[in-house]
Amino acid sequence: MSTYKSDFLNILSSRGYIHQCSDAAGLDALAAKGDVTAYIGFDCTAPSLHVGSLVQIMLLHWLQQTGNKPIVLMGGGTTRVGDPSGRDESRKILSIEDIENNKQGIQAVFAKFLAFGSGKTDATMVDNAEWLTKLNYIEMLRDIGKHFSVNRMLAMDSVKLRLEREHELSFIEFNYMILQAYDFTELSRRYGCNLQMGGSDQWGNIVNGIDLGRRMGTPQLYALTTPLITLASGAKMGKTASGAVWLNADMRSPYEYWQFWRNTEDADVGRFLRLFTTLPLPEVARLEALQGSEINEAKKVLANAATALLHGEAAAAEAAETARKTFEEGASAGGLPTVTVDLGSGIGVLAAMVQAGLASSNGEARRAIQGGGIRINDDVVKDDKLLLTSALAKDGSIKLSHGKKKHVLLKQG
RNA sequence: GGGAGAAUGUCCCGAGUGGCAAAGGGGGGGGACUGUAAAUCCCCUGCUUUACGGCUUCGUAGGUUCGAGUCCUACUUCUCCCA
């Protein structure tokens with residue numbers, strides 16, 4: 001393993017963040033002097049980022065920790081076009097209002113990982129709508145378009161794959177890479193940005209930016225990409241039964257977030273500790289080496305650390321305690337999701353499950369009961385006509401469980 | 001503009017002779033085994049207060065038929081080829 005002069009690249013490399021880098025030695029020299037200003041673009045395609053973007057966020061975090069300057073680029077402009085990279089189908093074209101709303105939702109999360117301000121290593125947030133929406137078509141063709149070779153663009157993976165599979169690629173999407181390349185040069189000009197980072201699928205787009213920069217006379221630009229994070233079992237990371245693992249607390253509670261990490265596959269624990277926590281590497285190595293059921297301790301550490309980074313120490317501790325009571329004591333922990341129902345006149349199990357979000361219809365709820373997967377206060381429910389009343393409550397609430405992991409407290413409303 | 005083809009269970013892929021709630025996968029859920037893991041095995045996976053019942057599903061709208069995902073007509077969208 002090669003060693004670098006800069007803390008930045010040493011940390012990135014030893015923690016497993018680096019997939020490709022355009023000129024590691026050149027970048028290393030800059031980083032050693034604290035002269036790197038790097039950006040990562042985030043498209044505003046959803047009201048919150050999810051764990052899939054976490055690697056990128058951590059990259060910015062480490063960049064700042066090692067004395068360099070991060071720029072968070074909101075893709076308020078590029079999202080209006082849609083990135084075709086790594087997709088078989090066209091992205092839906094979002095309305096400008098949706099994009100703006102999504103942007104509002106996404107922004108807040110960065111404050112947890114980065115320190116914003118106006119100092120040398122303080123983070124900055126910008127929106128590429130600021131300059132992209134002002135572009136004039138003819139001027140842009142003359143100033144920027146002339147630097148792009150269609151021949152070369154057709155050879156790019158994002159384009160080539162679409163063509164090979166005979167999937168359509170619209171002209172608007174074809175332009176995405178040009179806009180992203182232009183972003184890079186614009187950020188270079190405005191903020192002295194000299195590095196663009198991103199997922200491995202962004203390599204082509206980033207390198208395009210470097211080329212454009214060279215032709216337009218910016219200082220030397222650099223590219224650095226992270227590997228695509230998949231689970232050891234091969235599945236894409238960040239998808240659970242109930243959808244994406246969102247970072248915003250109002251879309252995925254700290255407790256659920258903690259649970260997501262707690263349920264990491266054995267084979268992923270070490271890698272995830274390196275990527276998604278800031279624990280010292282020797283400690284990671286020790287945890288990773290735990291065998292058999294002991295590795296559960298490592299998973300708790302992972303869950304605590306990852307949740308603390310995003311939601312804070314207090315929320316992480318609370319989530320850990322809720323999990324401990326629920327899974328290790330089998331008790332009804334107060335931190336579980338709570339649903340208020342009318343226990344006074346009673347409510348059927350089926351209706352209660354639907355209201356609690358444990359089932360989407362009475363039929364589904366009934367099937368779950370027939371399959372033996374539903375428990376009330378840890379007793380298996382056999383009768384789907386069971387009526388829940390306050391008589392069943394313990395400490396003012398009834399614990400309703402679907403399977404081993406999904407628990408909800410029912411309280412009198 | 002011309003020609004060829006496609007749209008199926010509100011997650012995805014995908015069979016489907018006029019009798020179909022519709023094969024089969026994947027994904028998802030539950031159970032067993034475990035360690036809140038993986039792998040494996042079993043069950044479930046349109047709605048409906050139990051149902052050999054009712055209802056709603058096969059791009060949209062009509063039509064033929066006792067009966068249509070399946071046939072006819074128009075329309076919509078997508079893909080490919082030619083211009």
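Proteins get letters first, then strands, A, B, ... in listed order; numbering begins at 1 in each.
B:A68: no Watson-Crick or G-U partner with both key distances under 3.5 Å is found in any strand. Across all strands shown, B:G53 forms a Watson-Crick or G-U wobble pair, both distances under 3.5 Å, with B:U48. Of all nucleotides present, none satisfies the Watson-Crick or G-U wobble test against B:A15 with each distance under 3.5 Å. Using N1 to N3 plus N6-O4 or O6-N4 for Watson-Crick, or N1-O2 and O6-N3 for G-U wobble, each under 3.5 Å, B:G5 pairs with B:C78. The nucleotide B:U40 finds its pairing partner in B:A32, both defining distances of the Watson-Crick or G-U wobble pair being shorter than 3.5 Å.
Between B:U36, B:G35, B:G29, one nucleotide has an atom nearer to the side chain of A:His402 than all others, and that is B:G29. Distances from the side chain of A:Phe327 to the nucleotides B:U36, B:G35, B:A38 place B:U36 closest. The nucleotide whose nearest atom lies closest to any side-chain atom of A:Lys404 is, among B:G35, B:G30, B:C33, B:C33. Of the candidate nucleotides B:A37, B:G35, B:U36, B:G35 has the atom nearest to the side chain of A:Ser293.
Between A:Gln259 atom CD and B:U36 atom C1' the separation is 7 Å, expressed in whole Å. To the nearest angstrom, P of B:A37 lies 11 Å from CD of A:Glu265. With rounding to whole Å, A:Leu287 atom CG is found 20 Å from B:G35 atom P. If you measure from atom CG of A:Leu302 to atom P of B:U36, you get 16 Å, rounded to the nearest angstrom. Atom CH2 in A:Trp258 sits about 11 Å away from atom P in B:U36, given to the nearest Å. Regarding A:Leu358, its CG atom lies at a distance of 15 Å from the C1' atom of B:G28, rounded to whole Å. A straight line from CG of A:Asp266 to C1' of B:U36 spans 12 Å, rounded to a whole angstrom.
Two residues, A:Ala320 and A:Ala368, neighbour RNA chain B, and the one matched to the more 5' nucleotide by heavy-atom proximity is A:Ala368. Place A:Arg375 and A:Arg262 on RNA chain B by their nearest nucleotides, and A:Arg375 ends up nearer the 5' end.
Here the two rings, on A:Tyr255 and A:His407, have centers that are 6.0 Å apart or farther. Remark: aromatic rings of A:Tyr191 and A:Tyr39 are distant, center separation not under 6.0 Å.
Nucleic acid contact class of A:Ile374 (heavy atoms, under 4.0 Å, all strands): none. Residue contacts for A:Gly292: at a heavy-atom cut-off of 4.0 Å it reaches a base atom on one of the strands shown. Residue contacts for A:Glu294: at a heavy-atom cut-off of 4.0 Å it reaches no nucleic acid atom on any strand shown. Among the protein residues, A:Ala267 comes within range of no part of the nucleic acid, since none of its heavy atoms lies under 4.0 Å from any strand. A:Thr326 comes within 4.0 angstrom of nothing in the nucleic acid, heavy atoms only.
Comment: A:Glu139 does not engage A:Arg142 in a salt bridge, judged by the lack of any side-chain N to carboxylate O separation of less than 4.0 angstrom. With respect to A:Arg367 and A:Glu364, no salt bridge is recorded, no charged nitrogen being found less than 4.0 Å from a carboxylate O.
A distance of about 13 Å separates the P atoms of B:U36 and B:G31, rounded to the whole Å. Distance check on atom C1': B:U10 versus B:G62 gives 24 Å, rounded to whole Å. Taking atom P in both B:G69 and B:U57, the straight-line distance is 10 Å, to the nearest Å. When the C1' atom is compared between B:A21 and B:U70, the two are found 16 Å apart, to the nearest whole Å. B:C11 and B:A4 have their P atoms separated by 35 Å, given to the nearest Å. B:C12 and B:G28 are spaced 11 Å apart, taking the C1' atom of each and rounding to whole Å. Between B:G53 and B:G3, the distance separating the two P atoms is 48 Å to the nearest Å. Look at the C1' atom in both B:U45 and B:A37: the space between them is 25 Å, to the nearest Å.
Checked against A:Thr185 for a side chain to side chain contact (heavy atoms under 4.5 Å, CB included), the options A:Leu212, A:Ile210, A:Ile144 give a single hit: A:Leu212.
Residues satisfying the side-chain hydrogen bond (donor to acceptor under 3.5 Å, both in side chains) test with A:Glu318, not counting sequence neighbours, are none.
The closest side-chain heavy-atom distance from A:Thr218 to A:Arg189 is not below 4.5 Å.
Under 3.5 Å, the side chains of A:Asp183 and A:Trp131 contain a donor-acceptor pair of N or O atoms. For the residue pair A:Gln180 / A:Gln202, a side-chain donor-acceptor distance below 3.5 Å is found, with atom types taken as modelled. In this model, a donor atom of one side chain and an acceptor atom of the other lie less than 3.5 Å apart for A:Thr226 and A:Gln56.
Taking the syn range as angles within 90° of 0, the glycosidic angle of B:C20 is syn.
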Look for any protein N or O under 3.5 Å of an N or O in nucleotides 44-51 of chain B and output each such pair with its distance, or none.
{"residue": "B:C47", "atom": "OP1", "partner": "A:Ser361", "partner atom": "OG", "Å": "3.0"}
{"residue": "B:C47", "atom": "OP2", "partner": "A:Arg367", "partner atom": "NH2", "Å": "2.4"}
{"residue": "B:U48", "atom": "OP1", "partner": "A:Asn362", "partner atom": "N", "Å": "3.0"}
{"residue": "B:U48", "atom": "OP2", "partner": "A:Gly363", "partner atom": "N", "Å": "2.7"}

